[in-house]
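In what follows, chains carry the letters A, B, and so on, assigned in the order in which the sequence lines appear, proteins first and then strands, with residues in each chain numbered from 1.
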Amino acid sequence: MFHILSAEQIDHNEFGQLFETAAEFEKTDKRIDSRKEVMQRRFGRIMLSMYYEPSTRTRFSFEIAAKKLGIEVIGTENAAKFSSAAKGETIEDTIRVLNHYGVDAISLRTKEDGQAVRAASVSRVPIINGGDGKGEHPSQAILDLYTIEKEIGRLNNLNIVIGGDLANGRTARSLAQLVSKYPKNHINFVSTPELQIGQDIKAKLVQDGTSFSETSEMYDALRNADVVYWTRLQLERMSEDEKLSIGQENFVLDATALEVLPREAIILHPLPRQAEIPVSTDSDPRAKYFSQAGNGLYIRMAILDTIMSQLS
Amino acid sequence: MFHILSAEQIDHNEFGQLFETAAEFEKTDKRIDSRKEVMQRRFGRIMLSMYYEPSTRTRFSFEIAAKKLGIEVIGTENAAKFSSAAKGETIEDTIRVLNHYGVDAISLRTKEDGQAVRAASVSRVPIINGGDGKGEHPSQAILDLYTIEKEIGRLNNLNIVIGGDLANGRTARSLAQLVSKYPKNHINFVSTPELQIGQDIKAKLVQDGTSFSETSEMYDALRNADVVYWTRLQLERMSEDEKLSIGQENFVLDATALEVLPREAIILHPLPRQAEIPVSTDSDPRAKYFSQAGNGLYIRMAILDTIMSQLS
Amino acid sequence: MFHILSAEQIDHNEFGQLFETAAEFEKTDKRIDSRKEVMQRRFGRIMLSMYYEPSTRTRFSFEIAAKKLGIEVIGTENAAKFSSAAKGETIEDTIRVLNHYGVDAISLRTKEDGQAVRAASVSRVPIINGGDGKGEHPSQAILDLYTIEKEIGRLNNLNIVIGGDLANGRTARSLAQLVSKYPKNHINFVSTPELQIGQDIKAKLVQDGTSFSETSEMYDALRNADVVYWTRLQLERMSEDEKLSIGQENFVLDATALEVLPREAIILHPLPRQAEIPVSTDSDPRAKYFSQAGNGLYIRMAILDTIMSQLS
């Protein structure tokens with residue numbers, strides 16, 4: 001855990017420590033006295049925020065996390081328009097320069113896959129991948145896992161329903177891989193045949209010995225769920241014909257769907273949501289997607305604090 | 001005073017307290033020693049700045065005000081391009097998520113009327129309306145009122161000349177409504193017939209028992225003024241023919257106009273100014289529009305400090 | 001040294017003091033303990049960052065420099081889109097307003113030459129020119145000079161090779177003027193005839209009694225160099241024909257060029273670099289362009305600290 005490039009790099013033990021630290025920060029954040037104390041914890045450190053793609057949640061929550069640890073933040077929300085990128089500078093050269101500016105971490109979101117790895121390859125300063133194109137988005141994956149652990153109390157023996165556009169959805173793919181590292185989970189992938197989970201993920205599950213199934217019948221899947229991880233169908237990518245053929249109304253977590261869902265289940269969503277979860281569902285006690293977003297703050301505090309603890 | 005959505009929500013007593021607090025902050029801001037002390041006053045707090053529309057004065061002065069109180073600031077000057085807004089997320093969902101990020105206030109500028117109210121309707125964190133389209137811009141209205149009180153020493157018994165594009169100007173409309181709450185003021189609206197103050201404002205003045213008049217003769221109006229509140233004619237919205245018919249040269253506060261203006265009067269302007277106040281007028285001791293802008297800093301410090309004092 | 005508008009305004013004595021201060025900050029930046037101490041040095045101060053043009057290095061390094069001195073930073077990376085600029089406000093009016101916001105320095109990058117001087121003409125707050133169009137970029141010029149002093153140990157008796165697009169390159173022009181103020185330097189300008197150094201610079205060198213030569217033979221020039229200051233040919237401005245006629249491959253600091261360069265020489269570049277310095281050159285001990293960028297941080301800390309030391 002020097003560079004944070006992929007959730008895959010983190011082992012069970014490290015997850016456990018991150019989750020403990022995150023829970024601790026959630027507790028200290030509740031009172032202004034302890035918040036003030038934590039705000040001096042990493043005083044003297046500076047995080048650089050380089051966002052080549054826009055982002056609300058990831059950039060904000062990393063920057064708020066930094067501030068809450070006393071880490072100063074400098075950055076850009078519009079790195080792509082920067083003169084050096086515009087003048088054809090490589091990501092490696094940009095990182096080489098930033099390394100000489102005396103910063104302690106670089107939070108980076110890029111447009112293309114693999115750029116976080118390229119950045120890390122030349123960096124003496126920790127690189128935190130805040131999403132590289134369709135590649136990795138480790139802090140999102142970690143906070144998803146943390147939310148399950150926090151809400152259900154375990155990461156094994158779970159019946160996990162993952163639904164939406166699984167062919168293109170980065171968060172759904174990441175979660176499947178992560179829960180597959182824990183024993184006795186079953187994953188039920190809910191989507192249309194066209195948007196089902198990729199062959200590569202299924203191969204990994206087989207290799208891990210994780211059982212799974214695929215269906216387009218949401219109601220059947222919900223009946224036995226411990227965790228429902230719902231994602232957007234990304235309708236903006238589809239034609240009207242495709243939308244009709246998909247039958248998007250069959251993938252909406254509305255009142256009817258809530259009726260068949262077990263009382264102890266939880267509903268997660270990486271957000272932003274569209275029609276796949278109506279606002280009326282928000283008041284259901286099983287709806288955890290907003291507190292899931294909030295968990296992202298504490299997980300990012302835990303990530304930053306762990307990284308900073310290793311610096312001289 | 002939890003959410004700050006409209007200047008109308010604030011009563012005389014609260015105005016008085018805000019003005020006192022602002023005056024106090026103006027005093028402590030003069031010396032580095034007392035500035036340092038105030039900069040620890042709200043340490044531990046975080047303000048989020050969400051600007052869907054660009055802004056120099058409002059965003060800067062709220063953010064500087066926050067910093068001067070020891071409040072950390074995270075934000076975006078370009079919220080409209082953000083992925084979640086671009087992906088069709090509602091303002092309500094955005095606010096719901098931001099509520100989970102452990103911030104203590106959200107300074108918000110939106111493009112459309114009423115969005116600040118929508119934001120506040122789902123927010124447990126104070127929303128500070130930094131301007132919602134053609135709707136409200138409470139901190140501007142409060143600082144305008146504060147400047148009159150500070151410069152003249154009273155908010156009643158005043159002859160107030162409000163000029164410019166009164167049909168479209170948000171600040172002119174707001175000021176008229178605010179001074180109308182104080183006794184024995186007379187408002188003289190100076191504009192062309194086409195750009196005169198709206199019927200709705202006049203109805204409110206009648207209801208409050210505030211006397212007013214309308215004219216297109218600037219010189220007549222200036223002769224008895226205590227306060228001149230001048231605004232842009234927003235010429236960029238007009239055709240050349242309209243400009244000619246308006247006779248814009250009749251609405252310029254130049255040396256000739258300054259001659260007829262009483263010695264004790266003050267000239268205010270929400271800025272930016274265009275041709276309606278030439279640079280030559282700046283050196284006149286009655287020109288208060290730049291210190292008016294500076295008052296905005298202290299009023300915003302007072303607003304933030306008051307809000308933060310109520311948080312646990 | 002109140003406003004920092006041009007490197008030309010700074011005399012030898014002030015350069016010496018800036019360089020000493022920068023070296024001191026580089027030392028204290030190495031350990032977290034002394035970093036924390038320095039981070040309280042200018043606590044209570046606020047710097048405003050107004051960038052009308054995008055910039056990675058300059059804005060970041062000024063802002064990081066400020067933070068490392070305990071100075072708070074507020075600003076915009078996109079001042080040109082700001083409502084007040086968009087509404088036709090002059091740079092003078094913008095600066096007048098910002099002067100009333102209680103900030104202690106304004107770091108300013110503008111699109112057009114001379115705007116920094118116009119800003120300073122109305123400002124009671126120090127203006128730091130972070131580059132005004134094709135005009136001045138004093139902090140870059142100072143850090144270039146500092147890097148030579150730091151690496152070679154002197155600023156006189158040097159054989160300085162300056163190469164690239166000298167007709168358009170601001171940094172090359174500035175450096176030539178600065179080293180010309182020190183005795184017994186020789187400058188060798190390497191470029192194609194079309195892109196050679198301007199007549200105005202040559203006139204200044206003659207006036208200062210600084211010897212210089214012009215050549216398009218890079219290898220000849222490198223053989224006796226103490227300092228090689230290499231810049232981009234700005235190929236994006238040229239047609240394919242021009243590129244061919246220029247013979248750009250003759251201006252590449254590759255392994256062959258490194259062979260003829262004296263062992264004690266240093267290679268500088270303002271960055272970003274393109275093909276004129278291949279990545280393979282980076283590992284050569286004479287390649288100092290990345291640590292040169294890093295020196296920019298400490299020079300900017302020295303500039304800010306010197307300015308702040310004069311404020312009441």
Engaged part of C:Asp282 at the chain A interface, taking heavy atoms whose separation is under 4.5 Å: side chain
Per-residue contact mode, C:Glu26 against chain A (heavy atom under 4.5 angstrom): neither
Considering all heavy atoms, the nearest A:Tyr101-C:Lys68 contact: O-CE, 3.9 Å
Residue A:Glu14 excluded, over 12 heavy atoms near CD under 6.0 Å: yes
Check: A:Ile46 and C:Met39 side chains under 4.5 Å, non-hydrogen atoms: yes
C:Arg31 (side chain) donor-acceptor with A:Ser312 (main chain) under 3.5 angstrom: no
C:Ala293 versus A:Val97, closest heavy-atom pair with distance: CB-CG1, 4.1 Å
Heavy-atom pair with the smallest gap, counting every atom of C:Pro272 and A:Glu89: CB-OE2, 3.4 Å
Per-residue contact mode, C:Val279 against chain A (heavy atom under 4.5 angstrom): side chain
Heavy atoms of other groups near A:Glu8 CD, more than 12 under 6.0 Å: yes
Chain A contact via C:Ile64 - side chain, backbone, both or neither, heavy atoms under 4.5 Å: both
Heavy-atom side-chain contact between C:Lys36 and A:Gln40 under 4.5 Å: no
Neighbour count above 12 (heavy atom, 6.0 Å) for A:Glu37 CD: no
Nearest heavy-atom neighbours spanning A:Val73 and C:Lys67: O-CE, 3.8 Å
Greatest number of heavy atom pairs closer than 4.5 Å to chain C - which of A:Asn99, A:Leu98, A:Asp104, A:Thr90: A:Asp104
Working for side-chain contact (heavy atoms from CB on, under 4.5 Å), residues C:Ile32 and A:Arg45: CA-CA 8 Å; C:Ile32 182 70; A:Arg45 301 295 179 183; 3.6 Å; yes
Separation between CZ of C:Phe60 and CD1 of A:Ile74, rounded to the nearest 0.5 Å: 8.0 Å
Selection from A:Val103, A:Asp93, A:Thr94 maximising heavy-atom pairs under 4.5 Å formed with chain C: A:Asp93
Minimal non-hydrogen separation, A:Thr76 against C:Glu77, with atom names: OG1-OE1, 2.6 Å
